Amino acid sequence: GVDVFRLNFSHGDHEAHLRLIKIIREAEKKVGKHIAILQDISGPKIRVGEIEKEMVLETGKRYILSDKASSKGDVIPFPHPEILKDIVLGTKIFFADGTMRAFATKCDEKKIEIEIEVGGVLTSKKGVNFPDLAFSIPALTKKDLADLQFGIENGVDIVAISFVRNKNDVLEAKAVSHAYGGGALIVPKIEKKDAIDNIDEILEVSDGVMVARGDLGVELGLSKVPVAQKMIIQKANEIGIPVITATQMLTSMVDSPYPTRAEVSDIANAVLDGTDAVMLSDETAVGKHPIKSVHVLVRTITETETIYPYYKYSPTRERVDAIAASAAKLSEAIKPKGIVIFTDTGSSAKKMSKFRSENIILASTSSHKVARQLSLMWGIVPTFIIEKSKNSDDLIYQYMTEGVKHNWLDPNETYVFIMGYPTGKAGTTNLIRMVDKACFQRMGFV
């Protein structure tokens, strides 16, 4: 049931990730399904330094944040001297996704004294959040640039950008991706308060969006995350870009073979809200039951879609949007077996997905990369890679031949075809054709 594999570049080296990319591509060939690879780059994640063994932070006790190495048991290594100068008295400081919490009691540019409000066990490289502060640090670090180049050169299909604050962070990532050869979708992760404040401008320049609920919960406070999630999904749906809902979808299944009722409801509600994809993290990265986790996810999605509010229309003046909306309304009226769409860049298929037709959307393109990227989007099943043709009848006949051969099309059923005329030219989607049993008969398929 997996459509996209995420590679987390906060962990592992290029050699390890290249090995995973090869495994995924081999599996893709074996199962005969287009699979996208999502590269999740680290971004300017603030972390504690190396801690020998572990460090127990006791509630009510005071410790020192310092970029200078120390053997003292009360010094927390913090290799970010550029940040220390921005911390002021009372600044909130959260460790390890907010499981441990503190505030600043004394400040200078070389070290910060903090008092622990909620204690716990701190280990090396755990994340640190400062929900009260906004830092002027680059969105892409030197490591990110090297990782991005590696990803593009090795054919990743989607790149998730961490800790995005505004549209300029997205545009910078797009420019860098283009410089390295481009082709990947750029998807910002919404996990900072700044990103929520600038959500409209971020979505306008993005190829998709991820609701990254881990750091977002630390930044906003947990009670505000569900409202933020619904808002982001709604806005992404309205402009027609794919949205991923991520973090702790089935976190109990890291250890347990069964999910909680609340987790299953969480998945279902994300689907009903309109998310294109739900993502597993620890459940499949380090969990004991990765395959069971995927099965639970797929079964929950499938069951929820039996009550999904299909056919979401919104006013539009764009021609391609109007064609897609018309095709959705036609399919709502005649109940075809599916909608077949020919797309060069994937744009017209994405437009079709926006209107949430109840029918499966069978997308055909001449690009393997576009086919893989379309696997992220709601309702779309990438099918055949078809060579470009200048003749629309030839293209339809070629698809019907391959579709019947591979059991994608049933010659006793009706399908709605969407394409551009002239064919093979991006942005020309302007033609809707209905192919029914009589058409299959005339063309010799029945």
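Computed from heavy atoms alone, side chains included, the values below leave out hydrogens, waters and symmetry copies. Quick caveat, the model's predicted, so the values are computed rather than measured.
- Aromatic rings from His406 and Phe384 are positioned such that their centres are separated by under 6.0 Å.
- Considering only residues two or more places apart in sequence or on other chains, Glu113 meets the salt bridge (charged side-chain N to carboxylate O under 4.0 Å, His left out) condition with Arg62.
- Between the side chain of Ser124 and the backbone N or O of Ile51, at least one donor-acceptor pair lies under 3.5 Å.
- Here the side chain of Tyr310 pairs a donor or acceptor atom with the backbone of Glu305 at under 3.5 angstrom.
- Closest of all the heavy-atom pairs between Pro259 and Val296 is CG-CG1, 3.8 Å.
- Taking each heavy atom of Val243 and Val211 in turn, the nearest pair found is CG2-CG2, 4.1 Å.
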Practice item. Apply side-chain contact (heavy atoms from CB on, under 4.5 Å) to Ile46 and Asn129, showing your working. Key: CA-CA 7 Å; Ile46 303 168; Asn129 291 84; over 6 Å; no
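- Between the side chain of Thr306 and the main chain of Glu303, a donor-acceptor pair closer than 3.5 Å is present.
- Evaluation of the side chain to side chain donor-acceptor pair (under 3.5 Å) test over residues 331-342, restricted to residues two or more places apart or in two chains, returns Tyr313-Glu332, Ser331-Ser357, Ser331-Asn359.
- In this structure, the salt bridge (charged side-chain N to carboxylate O under 4.0 Å, His left out) partners of Lys193, at least two apart in sequence or on a different chain, are Asp197.
- Aromatic ring pairs are classed by plane angle as parallel below 30°, tilted from 30° to 60° and perpendicular above 60°; the pair His368 and His34 is tilted.
- None of Leu185, Leu203, Asp207, Val187 except one satisfies the side-chain contact (heavy atoms from CB on, under 4.5 Å) rule with Ile241; the exception is Leu203.
- Ser206 places no side-chain N or O within 3.5 Å of a backbone atom of Pro188 that could act as its donor or acceptor partner.
- In terms of heavy atoms, Pro77 sits closest to Val75 at CD-O, 3.5 Å.
- Using a 3.5 Å distance cut-off with no hydrogens or angles, the side chains of Glu117 and Thr59 do not pair a donor with an acceptor.
- Between Ile418 and Ile339, the closest side-chain pair of non-hydrogen atoms falls below 4.5 Å.
- One finds the CG atom of Leu374 at 9.0 Å from the OG atom of Ser353 (value rounded to the nearest 0.5 Å).
- Residues Thr343 and Ser348 bring a donor and an acceptor atom of their side chains to less than 3.5 Å of each other.
- Here His17 and Phe9 bring their ring centres to under 6.0 angstrom of each other.
- A donor-acceptor pair under 3.5 Å links the side-chain atoms of Asn154 to the main chain of Phe150, judged by distance alone.
- Within 6.0 Å of atom NZ in Lys126, 12 or fewer heavy atoms from other residues, nucleotides or ligands are found, so the atom counts as exposed in its surroundings.
- Remark: aromatic rings of Trp378 and Tyr308 are close, center separation under 6.0 Å.
- Between Leu65 atom CG and His80 atom NE2 the span is 10.0 Å, to the nearest 0.5 Å.
- The backbone N or O of Thr251 sits less than 3.5 Å from a side-chain atom of Glu263, completing a donor-acceptor pair.
- No side-chain donor-acceptor contact under 3.5 Å links Tyr180 to the backbone of Gly151.
- Judged as a salt bridge (Lys or Arg N to Asp or Glu O under 4.0 Å), the pairs with a partner in residues 36-46 (not counting sequence neighbours) are, in order, Arg6-Asp40, Asp40-Lys189, Lys45-Asp215.
- Here Asp276 pairs with Arg356 under the salt bridge (charged side-chain N to carboxylate O under 4.0 Å, His left out) rule; sequence neighbours left out.
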Exercise for review: Test Ile114 against Ile116 for side-chain contact (heavy atoms from CB on, under 4.5 Å), laying out the working first.
Suggested key: CA-CA 7 Å; Ile114 64 173; Ile116 305 299; 4.1 Å; yes
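- Annotation: Phe342 is in aromatic contact with Tyr399 [ring centroid separation under 6.0 Å].
- Under the 4.5 Å side-chain criterion, counting only non-hydrogen atoms from C-beta, Ile244 is not in contact with Thr275.
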Check your understanding: Does the pair Ile35 and Arg372 meet the rule for a side-chain contact (heavy atoms from CB on, under 4.5 Å), with working shown?
Key -> CA-CA 5 Å; Ile35 299 293; Arg372 288 166 177 156; 5.9 Å; no
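- In the displayed structure, Glu153 atom CD is contacted under 6.0 Å by more than 12 heavy atoms of other residues, nucleotides or ligands.
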Hey, can you pull the donor-acceptor pairs under 3.5 Å for the side chains in residues 224-233, sequence neighbours left out?
unit_1	atom_1	unit_2	atom_2	d
Gln229	OE1	Arg213	NH1	3.0
Lys230	NZ	Asp273	OD1	2.8
Lys230	NZ	Asp273	OD2	3.2

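- Residues meeting the salt bridge (charged side-chain N to carboxylate O under 4.0 Å, His left out) test with Lys22, sequence neighbours left out: none.
- Scanning all heavy atoms of the two residues, the minimum distance from Asn166 to Asn198 falls at CB-ND2, 3.9 Å.
- At distances below 3.5 Å, at least one donor-acceptor pair connects side-chain atoms of Ser293 with backbone N or O atoms of His289.
- A search for side-chain hydrogen bond (donor to acceptor under 3.5 Å, both in side chains) contacts involving Glu54 returns nothing, not counting sequence neighbours.
- Within 6.0 Å of NZ in Lys167 there are 12 or fewer heavy atoms belonging to other residues, nucleotides or ligands.
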Side-chain donor/acceptor pairs under 3.5 Å, residues 90-103, sequence neighbours excluded:
unit_1	atom_1	unit_2	atom_2	d
Thr91	OG1	Val88	N	3.1
Thr91	OG1	Val88	O	2.8
Thr99	OG1	Ala96	O	2.9
Arg101	NE	Gly98	O	2.9

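- Across all their heavy atoms, Ala349 and Ile380 have their closest contact at O-CD1, 3.4 Å.
- With sequence neighbours excluded, the residues forming a side chain to side chain contact (heavy atoms under 4.5 Å, CB included) with Ser10 are Asn8, Ser42, Arg47, listed by chain and number.
- Here the closest non-hydrogen pair linking Lys174 and Val205 is NZ-O, 2.7 Å.
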Exercise for review: Please report the C-alpha distance between Lys354 and Asp321 in whole Å, then the side-chain angles of each, then the deciding distance to 0.1 Å, and finally whether the salt bridge (charged side-chain N to carboxylate O under 4.0 Å, His left out) criterion is met.
Suggested key: CA-CA 9 Å; Lys354 173 182 176 180; Asp321 262 18; 3.1 Å; yes
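- Side-chain atoms of Thr383 come within 3.5 Å of backbone atoms of Ala363 as a donor-acceptor pair (strictly under, hydrogens ignored).
- Listed by first and then second residue, the salt bridge (Lys or Arg N to Asp or Glu O under 4.0 Å) pairs involving residues 240-260 are Asp255-Lys288 (not counting sequence neighbours).
- Distance alone, capped at 3.5 Å, is enough to place a donor-acceptor pair between the Asp144 side chain and the Thr141 backbone.
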Review point. What's the verdict on side-chain contact (heavy atoms from CB on, under 4.5 Å) for Val164 and Val170, showing C-alpha distance, side-chain angles and the deciding distance?
Key: CA-CA 7 Å; Val164 166; Val170 181; 4.0 Å; yes
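- Each of Lys142, His14, Gln39 was compared with Asp147 under the side-chain hydrogen bond (donor to acceptor under 3.5 Å, both in side chains) criterion, and only His14 meets it.
- Listed by first then second residue, pairs satisfying salt bridge (Lys or Arg N to Asp or Glu O under 4.0 Å) with a partner in residues 157-166 read Arg25-Asp157, Asp157-Lys369, Arg165-Asp169, not counting sequence neighbours.
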